[in-house]
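Below is one structure, written out as structure tokens; comments come after it.
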Amino acid sequence: MKYSIFSLLKQGLKDNKEWPEAWSSPIIKSRYDVVIIGGGGHGLATAYYLAKEHGVKNIAVLEKGYIGGGNTARNTTIVRSNYLWDESAMLYQHSLDLWNGLSQDLNYNVMFSARGVYNLGHTLQEMRDIERRVNANVINGITAEVVLADEIKKRIPLINISKNVRYPIMGASYQSTGGVARHDAVAWGFARAAAALGVDIVEQCEVTAMDIDNSKIVGLNTTKGYVATNQVGCVAAGHSSVLAEMANVRLPIESHPLQAFVSEPMKAVLDTVVMSNAVHGYISQSDKGDLVIGAGIDSYNSYSQRGSPHVIEHTAAAILELFPAFSRARMNRQWGGIVDTTPDACPIISKTNVEGLYFNCGWGTGGFKATPGSGHVFASTLANDSPHPLAVPFAIERFYNGHLIDEHGAAGVAH
Ligand code: FAD
Ligand code: PYC
């Protein structure tokens with residue numbers, strides 16, 4: 001839909017009353033063919049691809065708050081696919097491929113910007129790990145290169161490559177095809193496109209219990225009443241184990257706060273993404289001009305969306321070691337999300353031993369980048385009642401048979 005500046009003004013004066021809703025707020029039905037619990041990016045993407053690619057008609061997304069209000073709109077928007085192991089590299093690359101056409105596909109600008117991502121190395125061992133990961137990426141057809149400190153300085157003039165710091169920068173892996181996207185636009189774009197295909201997006205609707213009969217899901221209790229259904233996809237990030245407990249399913253997930261903060265907006269000073277696991281901080285600049293900063297999880301388990309001040313202090317110190325010039329930037333806002341971490345830093349995309357009940361969770365500190373790919377493979381898993389080929393290695397069974405996929409090294413944020 002196109003608006004001229006005059007029609008925008010006219011609409012503004014009318015209090016936007018004539019603007020169409022981006023997605024409707026339907027009354028919840030008593031029965032759905034598929035219910036997705038969780039209206040974050042992953043849940044909405046799942047519903048969208050279920051409707052679009054698998055022709056499923058009667059779908060609801062139930063969200064206890066507002067859509068995108070979980071980690072989706074709390075994350076720092078970094079998108080990349082440079083993971084070490086084939087299984088995860090393929091999954092994240094599938095997502096990156098979808099990011100590239102996503103605005104066109106959804107007819108909604110998700111502002112994906114491939115401005116490149118640097119993962120810095122500060123020790124010989126880190127550089128060896130970087131070389132190994134870059135080699136693995138190249139073998140898998142994933143864009144990646146090793147860049148040394150002098151070249152990094154040429155490309156990012158404000159970065160500090162002095163040898164006279166705690167962790168001097170030796171080099172980095174660089175993925176030019178990675179970047180950032182506008183997080184809430186991703187939720188809104190998927191919501192709008194899913195609603196246009198007939199998906200009911202029901203906000204302020206918390207799932208409080210699962211009705212399981214003879215090891216088969218038959219319905220859900222919600223704060224808006226009982227809903228009958230035989231297929232449920234749980235996509236609830238930090239609350240995944242709360243849902244699992246309702247079904248007596250055990251998940252190897254810990255929920256932790258993960259914080260981030262942004263500075264006041266400033267002129268364009270950083271046109272790429274820089275991450276460091278050794279000093280442990282990462283930074284990019286949003287299109288608005290804010291510096292977007294984060295680091296590691298708070299080490300304790302919690303369902304709070306706040307986090308502790310010492311983590312903020314540590315993060316700020318790390319960023320100032322990399323970018324001393326930012327010492328004069330004033331910080332504007334801080335927040336936290338609840339991330340769902342697994343022992344191998346990889347997601348769980350899986351059926352369960354309850355018929356019709358599936359989980360897509362465990363994305364921890366790094367699931368934003370996976371949003372379209374995760375929704376795409378989970379939709380296929382639900383529609384076919386059989387894991388999508390890319391989802392096979394991510395079944396819950398790996399925690400019983402030992403086929404873990406250790407991606408702690410590639411996780412941008414240690415956890
Ligand atoms: P969410 O967006 O959290 O959605 C889950 C939804 O489920 C929530 O809206 C919640 O309200 C709802 N829900 C829970 N329980 C119920 C219930 N009982 N009934 C109904 N609804 C329920 N990843 C990256 O790739 N790059 C990054 O730069 C990055 N930075 C991050 C920075 C921070 C500070 C945080 C917190 C996370 C970051 N992540 C990043 C991780 C990323 O945000 C998540 O992995 C991803 O957004 C998870 O999406 P989701 O849709 O699964 O979860
Ligand atoms: O997984 O790339 C990532 C990431 C960056 C910030 C938080 N997670």
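This one's a predicted model, so the numbers in the text were calculated from it and none came from an experiment. For the single chain, residues carry numbers from 1 onward in sequence order. Counting starts at 1 for both ligands and their atoms, following the listed order.
Here the CZ atom belonging to R182 is positioned 12.0 Å from the OG atom belonging to S103, to the nearest 0.5 angstrom. Rounded to the nearest 0.5 Å, atoms CG (L120) and OH (Y282) are 14.5 Å apart. Taking CG from N119 and CD from Q175, the interatomic distance works out to 8.5 Å, rounded to the nearest 0.5 Å.
Outside the 6.0 Å centre-distance limit, the rings of H54 and Y49 are not counted as a close aromatic pair.
Atom numbering of ligand 1 starts at 1 in the shown order; those under 4.0 Å from a heavy atom of T77 are 27 (C), 28 (O). For ligand 1, the atoms sitting less than 4.0 Å from at least one non-hydrogen atom of L62 are 20 (C), 21 (N), numbered in the order shown with element in parentheses. Which parts of ligand 2 touch I78 is read off a 4.0 Å heavy-atom cut-off, strictly below it: atoms 2 (O), 5 (C), 6 (C). Heavy-atom contacts of V235 reach the following atoms of ligand 1: 5 (C), 7 (O) (cutoff under 4.0 Å). Heavy-atom proximity to W363, at under 4.0 Å, picks out these atoms of ligand 1: 45 (O). Of all atoms in ligand 1, numbered sequentially from 1 with element shown, those under 4.0 Å from a heavy atom of H239 are 14 (C), 15 (N). Atoms of ligand 1 found under 4.0 Å from any heavy atom of Q259 (numbered from 1 in listed order, with element): 34 (C). Heavy-atom proximity to G364, at under 4.0 Å, picks out these atoms of ligand 1: 41 (C), 45 (O). With ligand atoms numbered from 1 in the order given, ligand 1 contributes 34 (C) to contacts under 4.0 Å with heavy atoms of A260.
With hydrogens and angles left out, the side-chain atoms of Q125 and D129 include a donor and acceptor closer than 3.5 Å. A donor-acceptor contact closer than 3.5 angstrom links the side chains of S276 and H122.
At a 4.0 Å heavy-atom cut-off, ligand 1 touches L243 through the side chain alone. With a heavy-atom cut-off of 4.0 Å, F190 does not touch ligand 1 at all. When non-hydrogen atoms are compared, ligand 1 lies under 4.0 Å from the side chain of I37 (C-beta onward) but not from its backbone. Neither the backbone nor the side chain of H183 comes within 4.0 Å of ligand 1, counting heavy atoms alone. At a heavy-atom cutoff of 4.0 Å, ligand 1 is contacted by the backbone of C205 but not by its side chain. The proximity of F368 to ligand 2, defined as any non-hydrogen pair under 4.0 Å, does not occur for either the backbone or the side chain.
Considering backbone and side-chain N/O atoms, G65 never comes within less than 3.5 Å of an N/O atom of ligand 1. Among the atoms of Y282, none of the N or O lies under 3.5 angstrom from an N or O of ligand 2. Polar contact with ligand 1: absent for A237 (N/O pair, distance under 3.5 Å).
Under the 4.0 Å criterion applied to side-chain N and carboxylate O atoms, K52 and D105 are assigned as salt-bridge partners. A salt bridge between D287 and R115 is present, with a side-chain N of the basic residue lying under 4.0 Å from a carboxylate O of the acidic one. Ion pair K351/D385 flagged as a salt bridge, since at least one NZ, NE, NH1 or NH2 atom sits closer than 4.0 Å to an Asp/Glu carboxylate oxygen. With respect to the salt-bridge test (charged N to carboxylate O, under 4.0 angstrom), the residues K224 and E63 do not qualify.
Looking only at side-chain heavy atoms (C-beta outward), F261 and V292 stay at 4.5 Å or farther from each other. The shortest distance between side-chain heavy atoms of Y358 and S350 does not fall below 4.5 Å. Put simply, the side chain of H256 reaches to within 4.5 Å of the side chain of E254, judged on heavy atoms. Inter-residue side-chain proximity for C361 and I253 is flagged as met; some heavy-atom pair is nearer than 4.5 Å. Using a 4.5 Å cut-off on side-chain heavy atoms (C-beta onward), T342 and L404 make no contact.
The nearest heavy-atom contact from the protein to atom 49 (O) of ligand 1 is H42 CD2, 3.3 Å. For atom 3 (C) of ligand 2, the closest non-hydrogen atom on the protein side is K369 NZ, 3.3 Å. Protein heavy atom nearest atom 9 (O) of ligand 1, with residue, atom name and distance: E63 OE1, 2.7 Å. Atom 37 (C) of ligand 1 has L258 CD2, 3.6 Å as its closest protein atom, hydrogens excluded (heavy atom only). For atom 1 (P) of ligand 1, the closest heavy atom belonging to the protein is N71 N, 3.5 Å. Among protein heavy atoms, the minimum distance from atom 18 (N) of ligand 1 is reached at V207 O, 3.1 Å. Remark: minimum distance from atom 2 (O) of ligand 2 to any protein heavy atom is reached at R80 NE, 2.7 Å. Of the protein's non-hydrogen atoms, K64 N, 3.1 Å is the one closest to atom 21 (N) of ligand 1. Protein heavy atom nearest atom 4 (O) of ligand 1, with residue, atom name and distance: G40 CA, 3.4 Å.
Note that R74 lies outside the cation-pi zone of F368, set by a 6.0 Å cut-off to the ring centre and a 45° limit from the axis.
Using a 4.0 angstrom heavy-atom cutoff, G294 does not count as in contact with ligand 1.
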